[in-house]
Amino acid sequence: MYTYLRLFFTTALVAATCLFNIPVRAEEPTQHTAEKVVEGINDQEHKIEHKLEESEEKFNIGQMIMHHIADSHEWEMTHGVVIPLPVILYSADRGIEVFSSSNFHNDHHEYNGYHLVHGDSEQIVPVDESRVVYDFSITKNVASMLLSAVILILVFTSIANSYKNNKGKAPKGFQSAMEVIILFIRDDVVKPNVGPKYEKYLPYLLTLFFFILINNILGLLPGSANLTGNIAVTMTLAVLTFIVVHLNANGNYYKHLVRPTGVPLPLLIIMIPVEIVGVFMKPFSLMVRLFANMTAGHIILLSLFGLIFIFQSFVIAPVISLFALFLNFIEIMVAFIQAFIFTLLSSMYIGSAIEEHSHADHGH
């Protein structure tokens, strides 16, 4: 009862105060009213800024993960240490334009009529939407791919020179370690699956294996790019295998597609579309398998490290760090396995396409 009476008298008092203040407020100058409005707007702006600062202080693990596995126009080695990369744009009205991505480091992320859009993937778009611009920029993934190509050239040039200089001698050191891997790929992967004509395809398959392996390992280093976790890269590798297979396939392979051995004539209506779909499913499986495995590994590791910042505890940090270290060793093993599987399946697809006799399995 007391509560209801207090609420009633409080409401009546507020209403009476507002009623008696109406004439006074009517007589206040216009300048005072404008000042009140400005103060109200400023208060609202301060509240919005305060909320934004609070939301920025809260750790967003999803944003952190996507930032690290996505491509970018700059290479962030660690927090606060960023290497700007060259932006290369072409348009019909301006021609080729080259400038540093550091020019986008301003409040609006704009420079020279271009806007850097941050999202699941960074894009450079013209401010004038009517313009057509082609982006040939050196992104983090492109820079990582060039780095891996340089590493491969240096490694295999060094090995070739070692063989020339030590002809007839037993290999030693790094040359000996690489020889074990090369012979394993040749004798246990390529030769049994491709067949007698394996030497023609050995350079491509060795390049495929070491390119994937080097980039898988580079992707595990701190501040590195997730190249093999980019589906455009894995798609390109799968398409290359697809082209090699179908440029070198013999008549038996294509005959098997339109008239599978031992299939009754009425079932060809079903089997021919299935066989054609199977042709495209092979590179699709190569593409998705490598992309999914490498991306999943990065997400798991980054999620574990993100838990340290979420819990903000000195107790849980060592436990998560040890577990993440263990998973990192697992990821190194996965890096080798994924390079091996991609090369093995590519060898099988090539072997099934060039096999001579008509009763080939063709990878089915």
To check you understand the geometry: which heavy-atom pair defines the closest contact between [X] and [Y], and what is its length?
{"X": "E355", "Y": "N250", "result": "O-ND2, 2.7 Å"}
{"X": "R131", "Y": "G113", "result": "NH1-O, 4.4 Å"}
{"X": "N103", "Y": "N106", "result": "O-ND2, 3.1 Å"}
{"X": "S224", "Y": "L221", "result": "OG-O, 2.5 Å"}
{"X": "R186", "Y": "P192", "result": "O-CD, 4.3 Å"}
{"X": "W75", "Y": "S144", "result": "CZ3-N, 3.8 Å"}

4.5 Å side-chain heavy-atom contact, [X] and [Y]:
{"X": "L152", "Y": "F211", "value": "yes"}
{"X": "I308", "Y": "S321", "value": "yes"}
{"X": "L257", "Y": "V279", "value": "yes"}
{"X": "V258", "Y": "E275", "value": "no"}
{"X": "L218", "Y": "L227", "value": "no"}
{"X": "L89", "Y": "I96", "value": "no"}
{"X": "S176", "Y": "E179", "value": "no"}
{"X": "P283", "Y": "V239", "value": "no"}

Can you confirm whether the side chains of [X] and [Y] place a donor and an acceptor under 3.5 Å from each other?
{"X": "N216", "Y": "Q338", "value": "no"}
{"X": "S137", "Y": "D135", "value": "yes"}
{"X": "Q123", "Y": "H115", "value": "no"}
{"X": "K200", "Y": "N248", "value": "yes"}
{"X": "T241", "Y": "Y204", "value": "yes"}

Next on the checklist: Could you walk me through whether M281 and V277 satisfy the side-chain contact (heavy atoms from CB on, under 4.5 Å) test, starting with their C-alpha distance in whole Å, then the side-chain angles of each, then the deciding distance to 0.1 Å, before giving a yes or no?
Outcome noted: CA-CA 6 Å; M281 288 303 296; V277 170; 3.8 Å; yes

Next on the checklist: In this structure, is the centre-to-centre distance between the rings of F340 and F209 below 6.0 Å?
Outcome noted: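 Not close enough - the centres of the two rings lie 6.0 Å or further apart.
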
Item to check | Residue pair L205, V194: steps toward the side-chain contact (heavy atoms from CB on, under 4.5 Å) verdict | outcome: CA-CA 11 Å; L205 293 168; V194 175; 4.1 Å; yes

Checklist entry - Step by step, would you call D71 with T139 a side-chain hydrogen bond (donor to acceptor under 3.5 Å, both in side chains)? => result CA-CA 7 Å; D71 200 3; T139 62; 2.8 Å; yes

Next on the checklist: Donor-acceptor pair, distance only, cut-off 3.5 Å: does the side chain of T157 make one with the backbone of L154?
Outcome noted: no

Checklist entry - Can you check ring-ring contact (aromatic ring centres under 6.0 Å, His included) on Y114 and F104, steps first, answer last? => result CA-CA 9 Å; Y114 298 103; F104 289 111; 7.6 Å; no

Item to check | Trace of the ring-ring contact (aromatic ring centres under 6.0 Å, His included) decision for F99 with Y111 | outcome: CA-CA 10 Å; F99 54 89; Y111 174 75; 4.9 Å; yes

Item to check | Whether H246 and F242 hold their rings parallel, tilted or perpendicular, with breakpoints at 30° and 60° | outcome: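 Taking F242 first and then H246, their aromatic rings sit tilted (interplane angle of 30° to 60°).
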
Next on the checklist: Could you walk me through whether M178 and F156 satisfy the side-chain contact (heavy atoms from CB on, under 4.5 Å) test, starting with their C-alpha distance in whole Å, then the side-chain angles of each, then the deciding distance to 0.1 Å, before giving a yes or no?
Outcome noted: CA-CA 9 Å; M178 292 298 293; F156 286 100; 4.0 Å; yes

